Amino acid sequence: MLTGPALARFQKSLLAWFRESQRDLPWRRTRDPYRVWLSEIMLQQTRVAAVIPYYERFLERFPTVKELAEAPEDEVLRLWSGLGYYSRARNLQNAARQIVERHGGEFPRAPGQALALPGIGAYTAAAILSIAYQAKMAVLDGNVARVLARLGAVRGDLRANGRWLELQKTADTLLDEEAPGDWNEAMMELGATLCTPRSPQCLICPLTGFCEARKKGLTEEIPAKRVKRERVEIALAALVLVDARGKTLLLPPPQKREQAGAGEAADVPTLVSRMWHFPTIPVRREAAKVELRKFAQTSIFRGGKCGSEWQALKPVRHAVTFRAITIYPFLARAAGLPRIAGTKILPLEEVSELAISSLTRKVARAAEKAI
DNA sequence: AAATCGGGGGC
DNA sequence: GCCCCAGATTT
């Protein structure tokens with residue numbers, strides 16, 4: 001690929017463009033390793049616009065690694081609620097605790113130690129260490145892979161076989177060792193703003209003269225589309241119990257099931273992201289109410305009074321990776337809520353303040369509208 | 001190497 | 001509706 005003077009021109013072109021055109025993002029106003037780290041975790045598979053409000057709120061509550069390490073997990077998940085990929089938050093806090101215990105509260109500078117932390121893989125280690133500590137490590141993420149694939153006219157699935165490894169080698173050779181952090185951000189910024197998946201803006205791209213895909217007219221064909229798993233439709237029924245004071249009942253974050261049906265598509269703990277949730281079961285669509293009633297009678301009320309009037313609410317749609325879920329919520333008014341250890345009883349409007357997934361937020365909203 | 005984990009903005 | 005995103009972990 002590029003070497004010598006051509007590489008120098010290439011690097012200069014991109015860095016000049018980046019220093020001129022980069023977006024003003026909250027995490028670019030600091031090199032505090034903790035903030036860089038937090039931003040990189042939140043940005044995994046998540047768009048910038050979605051992250052910004054979460055980033056600000058999270059730092060207000062947890063300004064330092066120490067405060068993050070000492071917080072209850074539920075509080076961390078509460079601030080992550082709605083952002084998705086919740087194991088990121090669980091790993092983040094576990095890593096924070098390790099950093100406090102083993103690294104004196106400072107994000108480790110050694111790549112091996114960084115990679116050993118939960119939630120830190122090759123990309124995130126390179127990103128944090130280059131941006132915060134100017135380590136000479138090249139990042140390879142979806143943006144960079146697309147930029148490199150177009151530059152070199154690389155056909156086929158970028159994540160297949162050894163292709164990702166080849167792309168990493170390419171990224172390594174292109175890295176500007178004088179400014180590794182800026183360089184990495186510049187490559188990603190180009191992919192995020194100009195060298196986009198569809199309709200790349202080649203006319204204003206600083207690298208257009210270096211781009212093989214551009215020369216061959218392949219910018220729309222590269223990179224190849226990812227093959228996705230076929231979508232599976234799932235039906236759930238959820239019970240929104242409300243007492244005379246407008247209070248409702250939620251179940252605590254369920255643990256992963258060990259063996260039985262771990263591979264089943266309709267595994268409730270997975271579908272509610274192991275967060276607080278309304279009593280929920282998989283159902284056959286046509287029998288949602290009957291099956292939910294039976295479940296409520298045996299598992300929630302344990303033979304007690306189940307509430308007479310059940311109101312079917314507007315079905316809620318939700319997606320969890322390859323699963324397309326329809327939740328059939330039922331509003332059940334009861335004189336009193338059953339007391340069950342571990343459950344939470346609170347006003348319906350306050351459900352959104354808990355550590356819940358978007359699925360539960362949608363169900364709560366549907367119920368609020370009906371009241 | 002393949003499967004899995006959320007959610008939303010843009011088209 | 002579909003696509004894909006500043007990927008990591010588990011098996």
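Please read all numbers here as calculations on a predicted model, not as lab measurements.
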What contact category does [X] fall into here, base, sugar-phosphate, or nothing, at under 4.0 angstrom with non-hydrogen atoms?
X: A:Arg23; result: base
X: A:Gly82; result: sugar-phosphate
X: A:Ile120; result: sugar-phosphate
X: A:Arg231; result: sugar-phosphate
X: A:Ala160; result: nothing
X: A:Ser199; result: nothing
X: A:Trp27; result: base
X: A:Arg159; result: nothing

Inset, instruction - Could you pick out which residue, A:Arg28 or A:Pro118, lies toward the 5' side of DNA chain C when each is mapped onto its nearest nucleotide? - result: A:Arg28

How far, in whole Å, is [M] from [N] if one measures between their [atom1] atoms?
N: C:dA8; M: B:dG9; atom1: P; answer: 23 Å
N: C:dC4; M: B:dC5; atom1: C1'; answer: 15 Å
N: B:dG6; M: C:dC3; atom1: C1'; answer: 15 Å
N: B:dG8; M: C:dT9; atom1: C1'; answer: 23 Å

Closest nucleotide among [options] to the [X] side chain:
X: A:Arg323; options: C:dA6, B:dC5, B:dA3; answer: B:dC5
X: A:Arg146; options: C:dC5, C:dA6, C:dT9; answer: C:dC5
X: A:Lys228; options: B:dG7, C:dA6, C:dC4; answer: C:dC4
X: A:Tyr123; options: C:dA6, C:dC5, C:dC4; answer: C:dA6
X: A:His318; options: B:dG7, C:dC4, C:dA6; answer: B:dG7
X: A:Glu185; options: C:dC5, C:dA6, B:dG6; answer: C:dA6
X: A:Asp141; options: B:dG6, C:dA6, B:dG10; answer: C:dA6
X: A:Arg229; options: B:dA3, B:dG6, C:dA6; answer: B:dA3

Nearest whole angstrom, please: distance from the [atom2] of [N] to the [atom1] of [X].
X: A:Asn91; N: B:dC5; atom1: CG; atom2: P; result: 15 Å
X: A:Phe322; N: B:dA2; atom1: CZ; atom2: C1'; result: 13 Å
X: A:Gln44; N: C:dA6; atom1: CD; atom2: P; result: 12 Å
X: A:Arg90; N: B:dC5; atom1: CZ; atom2: C1'; result: 10 Å
X: A:Leu43; N: B:dG7; atom1: CG; atom2: P; result: 17 Å
X: A:Arg198; N: C:dG1; atom1: CZ; atom2: C1'; result: 12 Å
X: A:Tyr85; N: C:dT10; atom1: OH; atom2: P; result: 15 Å
X: A:Asp267; N: C:dT10; atom1: CG; atom2: P; result: 17 Å

Legend entry - A:Met42 and its side-chain contact (heavy atoms from CB on, under 4.5 Å) partner, picked from A:Val48, A:Val51, A:Ile52: A:Val51

For [N], does either OP1 or OP2 sit under 4.0 Å from a side-chain N or O belonging to [X]?
X: A:Tyr86; N: B:dG7; value: yes
X: A:Ser358; N: B:dG7; value: yes
X: A:Thr46; N: C:dC5; value: no
X: A:Gln45; N: C:dG7; value: yes
X: A:Thr124; N: C:dA8; value: yes

Inset, instruction - Find which nucleotide of DNA chain B each of A:Thr321 and A:Lys362 is nearest to by heavy atoms, and output the residue with the more 5' nucleotide. - result: A:Thr321

Inset, instruction - Take A:Ser87 and A:Arg274 through the test side chain to side chain donor-acceptor pair (under 3.5 Å) and record every step on the way to the result. - result: CA-CA 9 Å; A:Ser87 46; A:Arg274 294 162 56 207; over 6 Å; no

Salt bridge present between [X] and [Y] (N-O < 4.0 angstrom):
X: A:Lys294; Y: A:Glu291; answer: no
X: A:Glu368; Y: A:Arg365; answer: no
X: A:Arg19; Y: A:Asp182; answer: yes

Is there a donor in the side chain of [X] and an acceptor in the side chain of [Y], or the other way round, less than 3.5 Å apart?
X: A:Gln168; Y: A:Asp172; value: yes
X: A:Thr270; Y: A:Arg323; value: no
X: A:Arg229; Y: A:Thr321; value: no

Legend entry - Presence of donor-acceptor pair under 3.5 Å, side chain of A:Arg88 and base of B:dC5: no

Inset, instruction - Write down the partner of B:dT4 under the Watson-Crick or G-U wobble criteria, each distance required to be under 3.5 Å. - result: C:dA8

